[in-house]
Amino acid sequence: MLLRLDDVRRHFGGVHAVDGVSLEVEQGSIQGLIGPNGAGKTTLVNVITGYTRFQSGRAWLESDELSGLPAHRVAGLGIARTFQNIRLFKDLTALENVLIGMHVRRRDDTLAQLGTLPVFRGNEQELIKDAHALLETVGLPSSVGPRHAATLPYGDQRRLEIARALALRPRLLILDEPAAGMNPSEKQGMRELIERLNADGLTILLIDHDMRLVMGVCRRVAVLNFGKKIADGTPKEVSTDPTVIKAYLGTGGEREVRSAPGATGVDEEREVEQAAGSSRAAREPEKAILDVEDLTVSYGAIVAVRGVSFRVAAGEIVALIGANGAGKSTILNTLSGLIRPESGRATFDGLDLANAKASAIVKRGLVQVPEGREILARQTVMENLELATWARRDGATTRRRIEDVLKRFPILGERRDLSAGSLSGGEQQMLAIARGLLARPRLLLLDEPSLGLAPQMVDEVFRAIEEIHKDGTTILLVEQNALRALAIADRAYVIETGRILLSGSGDELLHNPAVRRAYLGG
């Protein structure tokens with residue numbers, strides 16, 4: 001074994017980000033590491049590479065113990081990594097970025113800077129030659145070398161970061177989301193690069209939300225959820241593991257795991273594709289309160305949403321589901337006026353959402369409850385609710401509305417004078433929803449309302465969502481717990497890498513094996 005982890009733990013207060021993880025990575029293999037949002041993947045990588053201290057447990061790279069070593073010592077032993085968010089030196093050239101990655105191979109530069117002896121020049125020229133070779137290895141032409149990193153296309157920046165990591169001549173390369181934000185063609189190129197590096201003898205630990213990539217290149221895959229390893233096996237074993245399906249698709253309350261879309265009974269890719277095709281033609285409402293057409297959204301060079309179109313009619317619950325990084329939250333943030341689209345159209349009751357201010361959008365009645373709740377932790381529950389009504393001038397009516405919300409969420413009434421930060425995760429989520437309701441939404445956007453909650457609190461949150469809907473509020477729900485979302489949705493759209501993969505009624509998609517494939521690639 002090249003890498004061995006034994007009962008590694010890292011907690012942040014009460015958050016058990018890495019909770020007793022043991023893992024082995026075989027020499028010469030491509031090992032996958034996957035898990036839902038907040039599973040602890042990047043924290044584990046940070047611990048292995050010395051960016052975050054071990055709390056307990058031990059780790060070895062062959063016979064070298066990693067536990068307690070700082071990042072530069074870990075790199076010196078032969079572990080290189082890339083980052084989920086690209087961390088290049090944007091003002092330096094591509095060649096200079098690669099040369100920086102060779103720091104453990106460089107002699108002390110002090111004398112080299114003071115003199116011009118051939119011995120110093122020769123060593124520098126050898127490193128430059130190696131840097132050009134590494135650029136070629138990752139598929140970047142020699143013309144890229146003198147260009148500043150900031151001027152390179154997004155896909156080339158990803159490749160450049162890998163070249164810089166390879167400059168360490170690592171024994172183990174850890175790739176953290178190398179395909180994030182790439183289009184299908186770029187992802188195929190990344191897959192070919194990973195396979196080529198592995199064929200040359202490099203051991204790779206791959207973390208990525210693109211399950212097709214992970215399941216396609218990895219010999220073994222380990223799965224984390226809430227800091228614990230819940231599965232470890234071949235791609236086929238992992239993608240059909242009921243525990244993994246539950247972690248990715250969620251639980252359906254009374255529904256058993258065997259009801260997960262495609263969990264059993266469909267093995268052939270052709271049958272899955274047929275299932276996806278049969279749902280694409282799902283009928284949309286003729287009259288819609290929200291109309292999104294050909295929406296494309298980018299973050300710089302990263303295209304997060306690609307030509308998405310959908311409609312929501314008054315009185316519906318419509319769900320947007322899909323794996324991590326599919327673009328769901330970006331869509332909601334665009335509809336709320338927090339992000340401007342690159343192209344396309346979105347209108348809410350006649351209001352042009354692509355150009356309207358966020359404040360105007362809220363006043364019209366489109367209100368978002370964001371992922372992560374975004375409550376004011378130092379303020380009391382009551383102060384959080386009062387701030388949600390700051391634009392209302394009728395004090396008596398406002399107080400009555402707050403009391404009505406507290407009756408809907410009795411636990412908040414009991415804790416009205418406590419700081420919001422002292423609430424449990426489920427109580428904070430209820431506070432976030434209550435705050436949204438005080439803005440009098442006609443369309444309520446809910447972004448991952450069950451994220452990180454215990455099953456009992458998930459039940460409470462979904463019960464509240466159903467009650468809000470029965471009271472006449474239209475809901476657009478982004479939710480990773482696919483089973484729970486589909487169980488209450490009138491219609492749903494499955495999003496994969498920024499595109500709508502398929503759509504249909506909640507019940508149709510609940511039994512569609514293509515949904516599982518969108519999450520697990522199996």
Side-chain angles (χ1 to χ4, degrees), residues 1-25 30-89 97 100-101 103-104 158 161-162 164-168 170-180 203-209 214 221-232 247 324-325 371-373 377 421 425 451-452:
M1 289 296 164
L2 177 63
L3 177 69
R4 181 161 61 91
L5 310 180
D6 183 17
D7 198 31
V8 173
R9 298 175 187 271
R10 178 64 204 186
H11 301 169
F12 299 96
V15 178
H16 294 191
V18 178
D19 197 11
V21 172
S22 297
L23 179 67
E24 293 183 340
V25 178
I30 304 178
Q31 169 76 48
L33 181 65
I34 65 174
N37 279 333
K41 305 181 296 297
T42 296
T43 300
L44 180 62
V45 170
N46 287 341
V47 171
I48 294 171
T49 54
Y51 285 83
T52 302
R53 290 186 301 105
F54 281 76
Q55 188 146 1
S56 63
R58 303 176 72 183
W60 295 267
L61 186 69
E62 293 187 302
S63 60
D64 297 313
E65 184 162 3
L66 305 174
S67 317
L69 296 182
H72 70 278
R73 291 281 306 281
V74 174
L77 289 174
I79 296 182
R81 68 172 295 185
T82 63
F83 294 86
Q84 186 172 348
N85 298 314
I86 295 175
R87 296 187 184 179
L88 294 171
F89 296 96
N97 269 272
I100 285 174
H103 66 280
V104 296
R158 283 285 182 192
E161 194 173 39
I162 293 175
R164 185 180 62 186
L166 293 175
L168 280 171
R171 289 186 277 170
L172 173 66
L173 175 62
I174 302 177
L175 299 176
D176 194 353
E177 302 283 355
T203 305
I204 297 173
L205 177 60
L206 173 64
I207 301 98
D208 207 284
H209 288 316
V214 173
V221 179
V223 187
L224 299 185
N225 194 31
F226 293 114
K228 294 182 178 292
K229 187 176 76 173
I230 61 173
D232 192 352
N324 297 340
E371 180 183 354
R373 297 139 198 171
L451 182 64

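All of these numbers come straight from a predicted model, not from anything done at the bench. Note that these values count all heavy atoms, side chains included, but never hydrogens, waters or copies made by symmetry. Note that the numbering runs from 1 along the sequence shown for the chain.
- Between the CG atom of L66 and the CZ atom of R58 there is a distance of 11.0 Å, given to the nearest 0.5 Å.
- For the pair R81/N46, a side-chain contact is recorded, criterion being any heavy-atom separation below 4.5 Å from C-beta on.
- Contact detail for V21 and G227: the closest heavy-atom pair is CG2-O, 3.3 Å.
- Closest of all the heavy-atom pairs between H11 and V18 is CD2-O, 3.7 Å.
- With hydrogens and angles disregarded, a donor-acceptor distance shorter than 3.5 Å links the side chain of K229 to the backbone of S22.
- With sequence neighbours left out, R87 forms a salt bridge (charged side-chain N to carboxylate O under 4.0 Å, His left out) with no residue at all.
- Counting heavy atoms from C-beta outward, L3 and T203 have side chains that stay 4.5 Å or more apart.
- To the nearest 0.5 Å, the span separating NE2 on H16 from CD on Q55 amounts to 8.0 Å.
- Contact record, P170 with A165: CD-O, 3.7 Å, taken as the closest heavy-atom pair.
- Listed by chain and number, the residues in a salt bridge (charged side-chain N to carboxylate O under 4.0 Å, His left out) with E24 amount to none (sequence neighbours excluded).
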>> Does Q31 form a side chain to side chain contact (heavy atoms under 4.5 Å, CB included) with L206? I'd like the steps, not just the answer.
In response: CA-CA 6 Å; Q31 169 76 48; L206 173 64; over 6 Å; no
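- For D6, there are no salt bridge (charged side-chain N to carboxylate O under 4.0 Å, His left out) partners, not counting sequence neighbours.
- R171 meets the side chain to side chain donor-acceptor pair (under 3.5 Å) test with E62, D64; sequence neighbours excluded.
- I34 is not listed as a side-chain neighbour of D208, based on a closest heavy-atom distance of 4.5 Å or more.
- Interatomic distance, L88 CG to E161 CD, rounded to the nearest 0.5 Å: 5.5 Å.
- For residues 52-83, every residue pair satisfying the ring-ring contact (aromatic ring centres under 6.0 Å, His included) rule, not counting sequence neighbours, is listed here: Y51-F83.
- For the atom pair CG (L33) and CD1 (I48), the distance works out to 7.5 Å, reported to the nearest 0.5 Å.
- Side-chain N or O atoms of N97 include one that pairs as donor or acceptor with a backbone N or O of F89 at under 3.5 Å.
- The shortest non-hydrogen separation linking L205 to L172 is N-CD1, 4.1 Å.
- Within the 4.5 Å cutoff, the side chain of V25 has no heavy atoms near those of the M1 side chain.
- Within the model, atoms CG of D176 and CD1 of I86 stand 12.0 Å from one another, a figure rounded to the nearest 0.5 Å.
- The two atoms that bring T82 and L175 nearest to each other are OG1-CA, 3.4 Å, heavy atoms only.
- Partners of T43 according to the side chain to side chain donor-acceptor pair (under 3.5 Å) rule, which considers only residues two or more places apart in sequence or in another chain, do not exist here.
- Proximity of V47 to L5: side-chain heavy atoms (C-beta onward) are nowhere separated by under 4.5 Å.
- Separation of atoms CG (L44) and OG1 (T49) is listed at 9.0 Å; rounding is to 0.5 Å.
- The minimum heavy-atom distance between S67 and G57, with the atom names listed, is OG-O, 4.0 Å.
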